[in-house]
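Some notes on the structure that comes next.
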There are 2 protein chains.
Amino acid sequence: MRATTKDLALAAGVSLATVDRVLNGRPGVKQDTVERVNHAIQKLSFRRNIVAANLARGKFYTFLFMLPKSGDQFLAELIARIDEANLAFAAEMIRLEVMEIPESDPHRIANMLGSLDPNRIDGVAIMVPESPQVRDAKTRLAERGIKTINFISGQDTDAQAAFVGTDNRAAGATAGRLMGRFAQQRAGSVLVIAESMQSRDSVERRLGFDAVVNADYPNLTVLPSLESYGDPERTERIIRNSFVNHQDIAGVYILSSEARVPLEVVTRLPMQTKPIIIAHERTPFTEAALRADKIDTLITQDTGHLVRSALRVLRAKVDGREILASQEKIRIEILLKENI
Amino acid sequence: MRATTKDLALAAGVSLATVDRVLNGRPGVKQDTVERVNHAIQKLSFRRNIVAANLARGKFYTFLFMLPKSGDQFLAELIARIDEANLAFAAEMIRLEVMEIPESDPHRIANMLGSLDPNRIDGVAIMVPESPQVRDAKTRLAERGIKTINFISGQDTDAQAAFVGTDNRAAGATAGRLMGRFAQQRAGSVLVIAESMQSRDSVERRLGFDAVVNADYPNLTVLPSLESYGDPERTERIIRNSFVNHQDIAGVYILSSEARVPLEVVTRLPMQTKPIIIAHERTPFTEAALRADKIDTLITQDTGHLVRSALRVLRAKVDGREILASQEKIRIEILLKENI
DNA sequence: CACTACTTGAGGTACGTACCTCATAGCAAG
DNA sequence: CTTGCTATGAGGTACGTACCTCAAGTAGTG
């Protein structure tokens, strides 16, 4: 039915041992012979039975997810998906581990990355803020044979590293488009709330958002970003202040992944006309808010896909395979209460 | 690391042969012994290595997709995904076949289903209009050991059959919500264009759409559905007529999966104020229309997911496993040009 | 020509499971 | 006691690949 290594050997006129040497890049085969085998591979359109290969190899891929420690519900969601995938992919010889790390300390992160054992860890999905230290650490990991990908955040920082996550500029633009269309030509200001504008992801979402709103919705004025620094009290204070200073707030865009705290503050404030509220990521809290009509829409990424895609990309890197980037593109989803 | 059958045998104090008999439901094992083995399975939390099992069994799952013949681009998209999956899942011993069938002839469909060979076909994903004949045919297939699922259309027709596809009522409701929110309180009529209102799917989308628009957007009046019967000339005629008869058309909702023909007609018509246009499914044509601002949004389902989900559900049925229905829920996606 | 290095083949074991055959032990009915 | 049946074990082969060892061949070097 499907060509096996045995068929290959027969077709190429060599032994199984030589086929094995060629397939697994082992040394000691004449160039001439390599080509004969490769030709047979073409001719029979041989594709290695990965399933059998993994069985034989008895190899476990061990991948590490390095996540920020300070997360809230989005992070919890992510970890739940990782645990899920850990079970689901055990049959495919994949083992997942999670490490949470204080993201404020680049040195500590770099140290953690540096101390990973290449004999134990095959690859790391890294979701921490970019910094020169971390970038160096990634380079050193590559040298030691541990594959890395940038996970959710950190797109494009270094072109050589793969990225699994959404295009944050597009996500911001999507939010901007919906803000404009939902705002019904109402004139007013739009509040933008971020955890910190230090991170590239926040900046990109903001850029995408601004680009659309400024270009197509002149009735809306996007205010400077408020930065919560993840501090609930500060969040409360700066949002309250903004509503006092701007009586004409027509929209609120919460661009951070953890929307719960700012959302609680915003929805608790008394107001005459409810602004359009757009937030990111699906969590128990945001989902309930959407169902209760407290927010207008959610821009999300499927956490299950994120995790599975990270696995596939890491495994492909370990196997030295190329992967169709297109297939691993994470969709920017729009959630209304009708399609939750 | 992970328990194997050998560990099971050891723990249960029986031989590998007996473990095998219990695991595969072979006869000739005392009830007492069966329980001992089952207990060991629990204790070691043994899970059969499916990969190895399939290797050993040398079994190929052969699944058939029975699709309507009269499709356009959405169908082509679907077939492309099936071909893709056929390659991708070859390693997992899954073989896919496609059969296109004139969906207007229930007897012919029932005959085709009846003539399937249980020795060759393990399961069928059926995407054809519901009819008593087809329902009977499915029952007979079940008796002959061929698993079936309703694919994309036909949800709920029979409760016993699995369904892979989106909730069409929710999809219609999503379209309704966006129509209402995008229409900016403009008053006017909304044109609804379907291929046929005979199919349950169309009815459900329409119901969902109406429910939302009627409840929340009194400014909009949803007109009776136009039925194109898949005939381009008729489509042109009835849409033109509608625009002549209703000067106040504020929105157009194309609820059929194949949107190209009606969309071409609508976008070709000269009009003063462009209505809000909402269509279903992502195809080269609809995607281009979205990019060109000719339509406002697309409500889609990921065809790749549809196909893969169908596979997983069918395989689970063949293996006699239960599957997490939640995991196989197909998302209703909203596409704007920003998140294409 | 002898020595070395490289190339190839032959054959084995293993991974975890399925499936088969044969032997044997236990037990009950006749 | 024989017959027959059930329950179980022991052991083998197979799936497709990985990885290992050993032998033997070829070619090139000095």
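All values below come from the heavy atoms of this structure, side chains included, with hydrogens, waters and symmetry mates left out. Chain identifiers are assigned alphabetically (A, B, ...) following the order of the sequence lines, protein sequences preceding nucleic acid strands; residue numbering begins at 1 within each chain.
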Protein-nucleotide distance ([X], atom [atom1]; [N], atom [atom2]), rounded to Å:
X	N	atom1	atom2	answer
B:Asp7	C:dC15	CG	P	11 Å
B:Leu8	D:dT8	CG	C1'	16 Å
B:Asn24	C:dG16	CG	P	17 Å
B:Lys30	C:dA25	NZ	P	16 Å
A:Asp32	C:dC6	CG	P	18 Å

Could you tell me whether B:Arg81 and B:Glu84 make a salt bridge, using a distance below 4.0 angstrom between a side-chain N and a carboxylate O?
-> yes

Is the closest basic N to carboxylate O distance between A:Glu35 and A:Lys30 below 4.0 Å?
-> no

Only one of B:Glu77, B:Glu333, B:Glu287 forms a salt bridge (charged side-chain N to carboxylate O under 4.0 Å, His left out) with B:Arg282, so which one is it?
-> B:Glu287

With heavy atoms under 4.0 Å as the rule, sort [X] into base, sugar-phosphate or nothing.
X	result
B:Asp20	base
A:Gly58	nothing
B:Val51	nothing
A:Ala17	base

If you pin B:Val19 and A:Ile50 to their nearest nucleotides in DNA chain D, which one's is more 5'?
-> B:Val19

Of A:Thr5 and B:Ser15, whose closest DNA chain D nucleotide lies nearer the 5' terminus?
-> B:Ser15

Side chain of B:Arg21 only, please: which of C:dT21, C:dT17, D:dT17 is the nearest?
-> C:dT21

Of the listed nucleotides D:dT17, D:dC15, D:dT21, the one nearest the side chain of A:Arg48 | D:dT17

Can you tell which of B:Leu314, B:Val313, B:Ile121, B:Asp122 makes a side chain to side chain contact (heavy atoms under 4.5 Å, CB included) with B:Lys147?
-> B:Leu314

Can you find an N or O donor on one side and an acceptor on the other, under 3.5 Å apart, linking the side chain of A:Arg57 with the base of D:dG16?
-> no

